[in-house]
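The structure appears below as structure tokens.
Letters go in sequence order (proteins before strands), and every chain restarts at 1. In what follows, every heavy atom counts, from backbone to side chain, and hydrogens, waters and symmetry copies are set aside. It should be emphasised that the depicted structure is a prediction, and the values quoted were computed from it without experimental measurement.
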Amino acid sequence: MKAAFAPTLEGWYERHRRDLPWRHTRDPYRIWLSEVILQQTRVAQGRPYYERFVEAYPTVTDLALADERELLRLWQGLGYYSRARNLHQTARYITEQLNAEFPATFDGLLSLKGIGVYTAAAVASFAFGERVPVVDGNVYRVLARVFGITEDITTTGAKKTFAKLASELIQPASDPATYNQAIMEFGAIQCTPVSPDCLLCPLQQSCNAYQTGRQQRLPVKAKKEPVRNRYFNYLVLRQNGKLVMRERTARDIWQNLYDFWLVETDEPITALTDLNLPDELAKLVQQGRLTGNPVPLTQLLSHQRIRGQFFLVDLPDTVSMPLPTGFGQYSMDEINQLPKPVLVTTYLNEWLG
DNA sequence: AATACGGGGGG
DNA sequence: CCCCCAGTATT
């Protein structure tokens, strides 16, 4: 299967490749320039920038001598402006320290500022013909699908898996540069992130994802939802050994589990009086007394960090309890039978067990 | 290992 | 409108 992979891809490339300006040169400067512009950027957006840059700075020395403000102005709208600054810095370094001569190897290129593994491989292969695989987002996607790799591509382990596979796949290629172009172009045009054109795909028969109907699911990518901090301030009302609890019904975490009266805040609070309680409840609390210090407990979810704080308030047996809707009084035996968030269970076990 | 860096395209 | 996009440097 691996032996048939590269020839098929290259055949496809021959028929479908787009005519792009940086594909007409082997000048490492222009290839480098195009690759940096194309980092995190779609071809349609980057192309006019490439043409303007080549026009304004035809050689690495021209770029080295460029006025930084003018360079940044040309870059305007592309984003990630450190790319432009690194471009400038590296152009000066090459001009001044390397006699305007580009390093001709992957390792030499990798040592330059703004050139990482992907760009070093691209320039080494496209400009110098080095047999080193490019591994960009397109390649992750194509390989994940064709070989049915389900590793999360954002992990270090997966990066090694893909790099190793890519390295094996490029070995039999008759022309490493064309192979690299082919697999990236294939990812960009045929094996697209959304609605890949599987019905007309030359790899259909050998594609693991297509054969198992998983092309929409691959590659696996962890969502990078930022961890949200939430502060759950719980009022734990106790009377006659019973606790006031309710079932969580909102469209939120812990649906259908039981917890206490909850006051959620965006920032930590320290005192019981910081809890914004409805009048009825506040009156009730006034008749009782806070037992011990508030108990802080944290629970880490995949995308939320819940910082719980439990305020235990004991009420005299004599006061009657007009409870808010949905709340009830539960004995410890009953509570044991209720489904509860780990955070609540931990609190109960450690402080009320 | 996690985070910051920008803007555009697509559903 | 929100979701997605995946290279490099820095912490």
**OP:** Using atom CH2 of A:W75 as one end and atom C1' of C:dT8 as the other, report the distance to the nearest whole Å.
**Re:** 12 Å
Original post:
When you check the phosphate oxygens OP1 and OP2 of C:dC5, does a side-chain N or O of A:K221 lie under 4.0 Å from one of them?
Top reply: yes
Subject >> Who pairs with B:dA2 - Watson-Crick or G-U, where each distance is under 3.5 Å >> reply: C:dT10
Original post:
Hey, which of these two, A:G157 or A:L78, hits DNA chain B nearer its 5' end, going by closest nucleotide?
Top reply: A:G157
**OP:** Could you tell me whether A:I153 contacts a base, only the sugar-phosphate backbone, or nothing, with contacts defined as non-hydrogen atoms closer than 4.0 Å?
**Re:** nothing
**OP:** Determine the Euclidean distance between corresponding C1' atoms of B:dG6 and C:dC3; express it in Å to zero decimal places.
**Re:** 16 Å
**OP:** Starting at atom OH of A:Y118, determine the distance to atom P of C:dT8, rounded to an integer number of angstrom.
**Re:** 8 Å
**OP:** Grab the CD-C1' distance between A:Q39 and C:dC5 for me, whole Å please.
**Re:** 14 Å
Original post:
Is there a side-chain polar atom (N or O) of A:T156 under 4.0 Å from OP1 or OP2 of B:dA1?
Top reply: yes
Subject >> Residue A:R141, side-chain atoms from C-beta onward, closest of C:dA9, C:dA6, C:dG7 >> reply: C:dA6
Original post:
Counting any heavy atom closer than 4.0 Å, what does A:Q40 reach on the DNA or RNA strands: base, sugar-phosphate only, or nothing?
Top reply: base
Subject >> Atom C1', compared across C:dA9 and B:dG8: separation rounded to whole Å >> reply: 23 Å
Original post:
Out of A:R23, A:H16, A:R17, which residue meets the side-chain hydrogen bond (donor to acceptor under 3.5 Å, both in side chains) rule with A:E185?
Top reply: A:R23
Original post:
Would you say C:dA6 has OP1 or OP2 under 4.0 Å from some side-chain N or O of A:T154?
Top reply: no
Subject >> Rounded interatomic separation in angstrom, taking CG from A:D136 and P from C:dC5 >> reply: 13 Å
Subject >> Nucleotide of C:dG7, C:dA9, B:dG8 approaching A:Q45 most closely (side-chain heavy atoms) >> reply: B:dG8
Subject >> Proximal nucleotide (of B:dG6, C:dT8, B:dA1) relative to the A:T41 side chain >> reply: B:dG6
Subject >> Heavy-atom pair with the smallest gap, counting every atom of A:L290 and A:L312 >> reply: CD1-O, 3.3 Å
Original post:
Whole-Å distance between B:dG6 P and A:Y49 OH?
Top reply: 14 Å
Original post:
In whole Å, what is the span from the CH2 atom of A:W32 to the P atom of C:dT8?
Top reply: 13 Å
Original post:
Going by an N to O cut-off under 4.0 Å, is there a salt bridge joining A:D259 and A:R246?
Top reply: yes
Subject >> Residue whose closest nucleotide on DNA chain B lies nearer the 5' end, A:V194 versus A:R42 >> reply: A:R42
**OP:** Would you please classify the geometry between the A:Y29 ring and the A:F102 ring as parallel, tilted or perpendicular, with 30° and 60° separating the classes?
**Re:** tilted
**OP:** Please state how far atom NE2 in A:H88 lies from atom P in C:dA9, giving the value in whole angstrom units.
**Re:** 17 Å
Original post:
Between A:K113 and C:dT10, is there a side-chain N or O to OP1/OP2 distance below 4.0 Å?
Top reply: yes
Original post:
CE of A:M184 versus C1' of C:dA6: gap in Å, rounded?
Top reply: 13 Å
**OP:** Classify the nucleic acid contact of A:V117 as base, sugar-phosphate or nothing, counting any heavy atom under 4.0 Å across all strands shown.
**Re:** sugar-phosphate
Original post:
In whole Å, what separates the C1' atom of C:dT8 from that of B:dG9?
Top reply: 23 Å
**OP:** Show your reasoning for whether side chain to side chain donor-acceptor pair (under 3.5 Å) applies to A:N349 and A:T346.
**Re:** CA-CA 5 Å; A:N349 289 342; A:T346 302; over 6 Å; no
**OP:** Determine, using ring centers only, whether A:W351 and A:F310 are less than 6.0 Å apart.
**Re:** no
